[in-house]
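Quick note on labels: first sequence line is chain A, next is B, and so on, each numbered from 1.
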Amino acid sequence: MTGSPPAIEAVDVSRTYQLDGVSVEALRGVSLVVQPGDHVALVGPSGSGKSTLMHLLGGLDRPTGGRLVIGGRDVNALSPPEMATLRNETIGFVFQAFHLLPRTSAVENVALPLVYRGVPARQRRERAAAMLGRVGLGHRLDHRPNQMSGGEQQRVAIARALVTEPTVLLADEPTGNLDSVTGAAVLELLERLNAESGVALVMVTHDQEVAARARRRITMRDGVVVADSATDDDATHLHDRPLSVDHGRPATLVPAPSAEPRSVSGSGPGHPSGGSGGAAGATGRLPHPPVNDRGTGDAGVVTGDGSGS
Amino acid sequence: MRVAEAWRVALDALRANRLRSALTMLGVIIGVASVVLLVAIGTGTKQKVEQQVEGLGSNLLLVVPGRIEVGTAPVVSPLTLKDVDAVTRVVGDPDRVAVTIASGATARAGARSDFTTVQGVLETTPAVFTRSLVRGRYLTGTDVDTSRRVAVLGDSVARALFPDRDPLGQQVTLAGVRFRVIGVFAPLGQSLGVDRDDEVHVPVTAAQRLWGTQRVDGIAVKAPDRERIDELGERIVAELNRRHPDTEFSAVTQQQILGVLGDILGVLTGVLAAIAGISLLVGGVGVSNIMLVSVRERTREIGLRKAVGARPRDIGVQFLLEAVLLTTIGGLTGMALGVGTALLVDALSPIPAAITWWSLALAFGVSAAVGIVFGVVPAQRAGRLDPVVALRAE
Ligand SMILES: Nc1ncnc2c1ncn2[C@@H]1O[C@H](COP(=O)(O)OP(=O)(O)OP(=O)(O)O)[C@@H](O)[C@H]1O
Ligand SMILES: [Mg+2]
């Protein structure tokens, strides 16, 4: 272990909905740990409980059973306002439907979480603008959602999720409303940000290719985790994960390789095929991928190669 | 920061639904405007009545048979000029005592006629009540002592009978008897819908002869000072009771009259304002309704705000502010409308209206309170929304 505490820890978590007197067990005892800097793909058939789990991991919802610790805090002990603060400080959400405020500029949308953190207006704008720059929208600051493409809107949403510098970024089918080319660009952005800033990325996807690129893959079925590449195939990965490898990125282009204790659960083979893609990713520009089924090496950063499969 | 955001969002929400906001405000506008207008009319009427009662002259004591109370039957006066002499002895100064005997009568001059009030009075009237003339002279002691048939006309009587002639020295016929005009009063205007210039003053002795009576209706005394006015009243009443054991007498001061009138007008104003206040309540219900709609419409926005860290209170404050903005903007508009209408009414109609600061402050306070009261339920509902459910809303 790297010694840093887990970002999120779920122990035997369950979530039961009451629907007209009938109990629906959406989650039936899920245990998992999200480490800082993790890159997790959450997969599973429709209705298996992925979104339900994401809501719990992000503190939007509370488990009906089990123990859930987010950022070192047990959510069962938190009041609604404390939960709100916890979300604000440790979690960034990216939704399938973007959920941008209409009639509100990109920079104000991105600044919104900072409002609830009490950051002064000037600073808010500066930080939001900088974050928009990092997602390649430095030229769209004052555009409104209805003046932007779907891909641009989702990048605004990603900037909003990251402007608070959270420890975990939760993305529930972030490309679900996008065409494949735009979707691929958004995915690449998410992966790059995960690699660059060390924010843990947990992403629900139905795309096997995408899932394969994640360092870790969690498969759900009927409200339980049926496979977790971090624990399943080789327990040693958990314990002696190699610290981050140098991927050939020119150091000068990496703004802050700060939180580098990323866990690399992928085993060797898929490792960086070249610095070229990586360099592009690290400059803060959005690389335009030709297609969405890029080779694993194209991400240019730590790449899980689907070793878990 | 959070409050500033709440303001910004609330204003933005109102702006985004201009027509809806305006219609919602309309209820509050009408309510506040009618409260302001009705209170202004009530206050204006009260002030005017006060002015007029005070304009009667200061330290006035009115002595009449019977009680001055609402609901008591009028009493036939047993008073005669002998009683007036007795009262004068109590007062000690004949210049401070006035009498009246009044009756409606038709006044004629040539082909013109006017139904008016003929008042039989002493020469002391202009000193006791504050009255002034524009033409000629008033009655003298000699006029009274000799029952001379001379008359002083009120402004409207003079206009009615002598529209294009100088009335001085002209003849008027009162109840069939000819009088000579010796003076004309300065105009006084209206009071409570009564034309105060529609009167003719003649010597009390001439009036008694005209109507074949020895009575006088009432006695007015101008007290030397305010401090002893009540005591003087008691002494006069005691003297009259001694002379007429079978009749009750009352001596009332201007303060007492003002008190009674003020109470009546105050109650009237309060009732009117309360009726107008009901429309304000109805406006408040409209606000509540529209706020619930607003919360429903923006459920996803609420979910998103919560997801990024808004606490229940932040959301609640945002919607409460929206409701309060609706009612206070409506309230201010209603105040402007009410003040404008009141000024118009005061200027263009005989109804007086006076704006008081307290009524404006009250109207504003009430409209803000309406916003809080009727906004709190929708705001709480918004604040308590489950973020997951809210985000999934259509
Ligand atoms: N609010 C709710 N009330 C009742 N049942 C619910 C509720 N939300 C989810 N469920 C049920 O819980 C189960 C898991 O739902 P969830 O949305 O987590 O699935 P999912 O894996 O995200 O599916 P998808 O891939 O289609 O998004 C489903 O059976 C669903 O019907
Ligand atoms: Mg889902």
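- Heavy atoms closer than 4.5 Å to chain B are found in the side chain of A:Leu101, but not in its backbone.
- Side chains of A:Met203 and A:Pro174 form a contact here, defined as non-hydrogen atoms less than 4.5 Å apart.
- With chain A as the partner, the residue from B:Ala310, B:Gly303, B:Ala16, B:Pro387 showing the most heavy-atom pairs under 4.5 Å is B:Ala310.
- For A:Glu108, the part lying near chain B is the side chain, with the backbone staying farther off; criterion is any non-hydrogen pair under 4.5 Å.
- The aromatic rings of A:Phe95 and A:Phe93 lie parallel to each other, with less than 30° between the two planes, well short of the 60° mark.
- Judged purely by distance below 3.5 Å, without hydrogens or angles, the side chains of A:Thr85 and A:Glu82 never pair a donor atom with an acceptor atom.
- Residue B:Arg15 does not touch chain A at all, counting heavy-atom pairs closer than 4.5 Å.
- The existence of a salt bridge linking A:Arg125 and A:Asp142 is confirmed by a sub-4.0 Å separation between a basic side-chain nitrogen and an acidic carboxylate oxygen.
- If you measure heavy-atom distances from A:Arg117 to chain B, the contacts under 4.5 Å come from the backbone alone.
- Within the 4.5 Å cutoff, the side chain of B:Phe374 has no heavy atoms near those of the B:Met291 side chain.
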